[in-house]
Novice: 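Take this structure, written in structure tokens, and hold onto it; I'll ask about it next.
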Number of protein chains: 2
Amino acid sequence: MKKLINDPKNVVEEMVEGYVNAHPDYIRQLPENNRSLVSVRETKKDKVGILIGGGSGHEPAFMGYVGEGMADGVAVGNIFASPSPQPILEVTKAIDKGAGVVYLYGNYAGDVMNFGMAAEMADMEEDIEVGAALASDDVASAPVDEKEKRRGIAGEFFVYKAAGAAADFGYKLEEVVRIAEKANENTRSMGVGLTPCYLPQTNEPSFLIDEDEMEIGLGHHGEPGIEKGKLETADRVADRLVEDILNDMDLEKGDEVAVLVNGLGSTPKMDLYIIYRRVDQILKEQGIKIYRSYVGNYITSLEMGGCSITLMKLDDELTKTVDHAVDCPMFVQK
Amino acid sequence: MKKLINDPKNVVEEMVEGYVNAHPDYIRQLPENNRSLVSVRETKKDKVGILIGGGSGHEPAFMGYVGEGMADGVAVGNIFASPSPQPILEVTKAIDKGAGVVYLYGNYAGDVMNFGMAAEMADMEEDIEVGAALASDDVASAPVDEKEKRRGIAGEFFVYKAAGAAADFGYKLEEVVRIAEKANENTRSMGVGLTPCYLPQTNEPSFLIDEDEMEIGLGHHGEPGIEKGKLETADRVADRLVEDILNDMDLEKGDEVAVLVNGLGSTPKMDLYIIYRRVDQILKEQGIKIYRSYVGNYITSLEMGGCSITLMKLDDELTKTVDHAVDCPMFVQK
């Protein structure tokens with residue numbers, strides 16, 4: 001795969017440098033650690049700090065979501081690898097304004113370990129209260145009665161949105177965690193992979209797939225899905241993904257949802273809106289109301305081809321968080 | 001190339017349907033023509049109407065830029081093909097509120113013909129005053145003394161931004177045209193192609209290129225560039241593109257520019273920010289101030305791989321247009 005990079009060893013450092021220099025009105029690196037980025041707008045006194053993070057290669061996630069209405073800081077990992085505890089701790093110290101910090105991350109072993117260690121260090125060494133909420137929205141990754149084993153994929157976006165809004169509303173740490181967990185609990189995603197991405201260091205494909213195949217339920221790092229088959233039409237793919245999602249969640253006629261059709265990297269917006277068209281048809285047929293829609297590249301896997309569909313079931317509290325204005329370098333909502 | 005589509009003949013209709021259904025608070029189809037889309041917020045009385053358009057496959061351009069602060073309506077063409085005069089005329093009629101309508105489009109033969117015919121029809125049949133400003137920012141497509149022959153590529157974004165703002169400021173039609181033309185005059189772009197895109201109907205590559213090659217100056221529809229060579233590092237690519245741009249425009253130490261690093265479709269944001277990093281270095285070395293930066297997929301070519309770099313030289317008037325807030329489904333600026 002052809003890439004516009006320099007030395008593959010430096011891609012994360014150089015991306016972060018470019019990012020910070022492109023958006024100096026939004027984001028800065030902490031002098032203590034170049035993998036620790038925080039909003040230039042200092043966290044308000046007594047507002048709960050929101051800290052996100054994970055491996056690189058998922059841009060706009062995660063660093064693109066630091067700004068007003070979402071996260072106060074981000075810890076940046078290597079490609080598809082969790083950030084280590086130190087940069088997480090540095091961000092924690094920078095964004096804690098007395099009300100504590102909530103960590104939001106996907107349910108992956110490395111992230112669970114490193115964010116857990118950073119939380120302990122923050123508590124023991126710095127006396128900062130830390131809460132956490134994990135995204136585990138990928139229906140394909142474990143059965144419904146083992147949701148705690150599920151991976152976080154694009155639905156994590158809704159968890160950020162919910163927690164970022166709750167913190168802005170002035171809610172206390174336990175409340176921010178509760179709302180973030182509710183957002184995750186109400187969110188389901190299913191993806192389909194068409195073409196792999198290529199890690200800069202090896203330039204090897206993240207998974208193998210034939211020229212006429214798709215993989216249903218593929219993970220964001222090329223984790224195997226639940227079914228490989230011939231590539232079908234957009235409508236049939238959407239039918240399948242939405243069916244699996246609806247079978248997994250409690251949605252009734254009249255319920256309201258937020259929808260996210262997320263591109264994995266190289267899939268054009270044209271294809272994503274054709275997928276959206278069918279999602280919209282299915283939900284309308286079932287009497288489920290789409291309150292707000294997001295279509296585009298929200299959490300990617302480098303140049304992977306394919307998409308995921310995410311539904312979040314709304315109630316009054318979550319609707320308020322979905323409506324909350326956001327101003328980040330890679331995502332703005334008025 | 002694997003695509004998430006249904007019948008290739010229907011991709012534009014289905015994309016538009018998905019788009020309008022995803023963003024009903026922003027955009028609607030005119031009953032007269034399903035290729036005519038207008039903002040749901042009616043153009044203010046006496047505000048000049050801004051009409052954009054062109055072929056499909058460049059999303060977010062063009063329909064993604066209809067909304068507050070940018071365009072009032074868009075005419076949608078087939079893939080990489082100009083919209084015909086009729087949908088342009090229908091949008092013109094819908095968005096004219098007495099102050100006339102300005103057409104903004106790229107300098108391509110088909111667009112020049114069809115937008116020209118629509119302007120004549122608007123004048124003759126409807127008595128609507130129409131002005132026009134064309135984007136011709138692609139340095140690679142003709143020598144500097146034949147700028148009127150140059151293609152419009154990603155720099156068109158700045159032309160939309162300038163005209164959209166000028167119309168919002170309440171300027172009259174001639175003034176809106178003057179500012180749009182100044183934005184184009186002050187804007188230069190250079191692109192590099194790494195991998196082709198595939199038209200849905202044929203699934204044939206838009207251009208041929210070897211596994212280790214890049215093409216400097218490649219057009220948005222696969223038009224040949226000025227030089228094919230071995231793929232180089234991101235820094236060398238940025239050096240080359242910026243050099244060609246700077247050689248073509250009048251920039252001095254102390255001047256201010258807006259920068260756009262535009263992805264052509266499948267190139268990850270990681271690569272785009274690594275390119276931006278070098279652009280930023282070069283301009284700082286030369287004492288040129290970057291006032292504002294845009295990095296991402298602004299005008300694409302389906303899943304084409306590569307990017308373009310655009311600089312717009314600013315003065316007070318253009319800076320005001322760059323700062324103007326925008327709220328469109330695919331682009332929001334606070």
Side-chain angles (χ1 to χ4, degrees), chain A residues 2-7 11-12 14-19 21-23 56-57 59-60 64 192 194-195 197 200 211-212 214 231 233-235 237 259 261 265-278 280 290 293 295-297 300 302-303 305-307 325 327 329-330 332-334, chain B residues 2-7 11-12 14-19 21-23 56-57 59-60 64 192 194-195 197 200 211-212 214 231 233-235 237 259 261 265-278 280 290 293 295-297 300 302-303 305-307 325 327 329-330 332-334:
Chain A
K2 296 180 199 171
K3 289 177 181 285
L4 287 169
I5 60 174
N6 298 302
D7 187 331
V11 288
V12 175
E14 293 185 354
M15 168 182 68
V16 169
E17 187 186 333
Y19 181 63
N21 286 334
H23 309 294
S56 291
E59 292 70 32
V192 59
L194 269 56
T195 52
C197 61
E211 264 310 307
D212 60 349
M214 63 176 178
L231 178 61
T233 64
D235 282 1
V237 170
V259 175
V261 175
S266 62
T267 295
K269 277 201 155 70
M270 174 172 284
D271 301 37
L272 300 180
Y273 276 106
I274 292 174
I275 290 282
Y276 180 85
R277 169 182 167 274
R278 182 66 191 147
D280 183 84
I290 300 177
S293 302
V295 182
N297 289 349
T300 66
L302 296 169
E303 63 281 275
C307 74
D327 188 19
M330 298 197 204
V332 186
Q333 177 179 314
K334 233 186 128 178
Chain B
K2 295 179 199 172
K3 288 177 182 287
L4 286 170
I5 61 175
N6 297 302
D7 188 332
V11 287
V12 175
E14 293 184 355
M15 170 182 67
V16 169
E17 187 185 333
Y19 181 63
N21 286 335
H23 308 294
S56 292
E59 292 68 32
V192 59
L194 268 56
T195 52
C197 62
E211 264 310 307
D212 60 349
M214 63 175 178
L231 178 60
T233 62
D235 283 0
V237 169
V259 175
V261 174
S266 62
T267 295
K269 276 201 156 71
M270 174 172 284
D271 302 36
L272 301 180
Y273 276 105
I274 291 175
I275 289 282
Y276 179 85
R277 170 183 167 274
R278 182 67 191 145
D280 183 83
I290 300 176
S293 302
V295 183
N297 289 349
T300 66
L302 296 168
E303 64 281 277
C307 74
D327 188 20
M330 298 196 204
V332 187
Q333 177 179 314
K334 231 183 131 180

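Proteins come first, then strands; the chains are lettered A, B, ... in the order of their sequence lines, and each starts at number 1.
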Novice: Tell me, out of Ser293(B), Cys307(B), Cys197(B), Pro60(B), who's got the most heavy-atom pairs with chain A below 4.5 Å.
Specialist: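 Heavy-atom pair counts peak at Ser293(B).
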Novice: With sequence neighbours excluded, what pairs up with Lys3(B) under the side chain to side chain donor-acceptor pair (under 3.5 Å) test?
Specialist: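 Lys3(B): side chain to side chain donor-acceptor pair (under 3.5 Å) contacts with Glu303(B).
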Novice: May I ask you to name which of Asp271(B), Asn297(B), Thr300(B) has the most heavy-atom pairs under 4.5 Å with chain A?
Specialist: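 Max contact count across the listed options: Asp271(B).
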Novice: If you count heavy-atom pairs under 4.5 Å with chain A, which of Asp7(B), Thr267(B), Leu194(B), Val261(B) comes out on top?
Specialist: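 Between Asp7(B), Thr267(B), Leu194(B), Val261(B), the count favours Leu194(B).
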Novice: Please determine, among Ser266(A), Gly265(A), Gly57(A), Ser56(A), the option with the most heavy-atom pairs under 4.5 Å with chain B.
Specialist: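 Going by pairs under 4.5 Å, I would pick Ser266(A).
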Novice: Flag the one option from Gln333(B), Met214(B), Lys269(B), Lys334(B) with the top tally of heavy-atom pairs under 4.5 Å to chain A.
Specialist: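 Most pairs with chain A among the choices: Lys334(B).
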Novice: Please look at Leu302(B) and chain A and tell me whether the side chain, the backbone, both or neither of the residue comes under 4.5 angstrom of a heavy atom of that chain.
Specialist: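 Both backbone and side chain.
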Novice: Main chain of Asn6(A), side chain of Asp235(B): is a donor-acceptor contact present, judged purely on distance under 3.5 Å?
Specialist: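 No; judged by distance alone, with no hydrogens or angles, the pair does not exist.
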Novice: Going from CD1 on Ile275(B) to CD1 on Ile5(A), what distance comes out if it is rounded to the nearest 0.5 angstrom?
Specialist: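 Separation between the atoms: 10.5 Å.
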Novice: Out of Gly305(B), Ala325(B), Pro200(B), Ala234(B), return the one with the most heavy atom pairs under 4.5 angstrom to chain A.
Specialist: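 Among Gly305(B), Ala325(B), Pro200(B), Ala234(B), the one with the most close pairs to chain A is Ala234(B).
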Novice: Under the side-chain contact (heavy atoms from CB on, under 4.5 Å) test, which residues partner Glu17(A), sequence neighbours left out?
Specialist: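 side-chain contact (heavy atoms from CB on, under 4.5 Å) list for Glu17(A), sorted by chain: Asn21(A), Arg277(B), Gln281(B).
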Novice: Does the side chain of Val11(B) reach to within under 4.5 Å of the side chain of Ile274(A), using non-hydrogen atoms?
Specialist: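 SC-SC contact between Val11(B) and Ile274(A) confirmed.
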Novice: Can you tell me how far the CD atom of Glu59(A) sits from the CG atom of Leu272(B), to the nearest 0.5 Å?
Specialist: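 Reported to 0.5 Å precision, the distance equals 10.5 Å.
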Novice: About how many Å separate CG of Leu231(B) and NZ of Lys2(A), when rounded to the nearest 0.5 Å?
Specialist: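 Reported value, rounded in 0.5 Å steps: 7.0 Å.
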Novice: I'd like to know which of Asp327(B), Thr233(B), Leu4(B) tops the heavy-atom pair count under 4.5 Å against chain A.
Specialist: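 Of the options given, most contacts go to Leu4(B).
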Novice: Walk me through it: do Tyr273(A) and His23(B) pass the test side chain to side chain donor-acceptor pair (under 3.5 Å)?
Specialist: CA-CA 11 Å; Tyr273(A) 276 106; His23(B) 308 294; 2.6 Å; yes
Novice: When rounded to the nearest 0.5 angstrom, what distance separates CZ in Arg278(B) from CD in Glu14(A)?
Specialist: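 Arg278(B) atom CZ to Glu14(A) atom CD measures 10.5 Å (nearest 0.5 Å).
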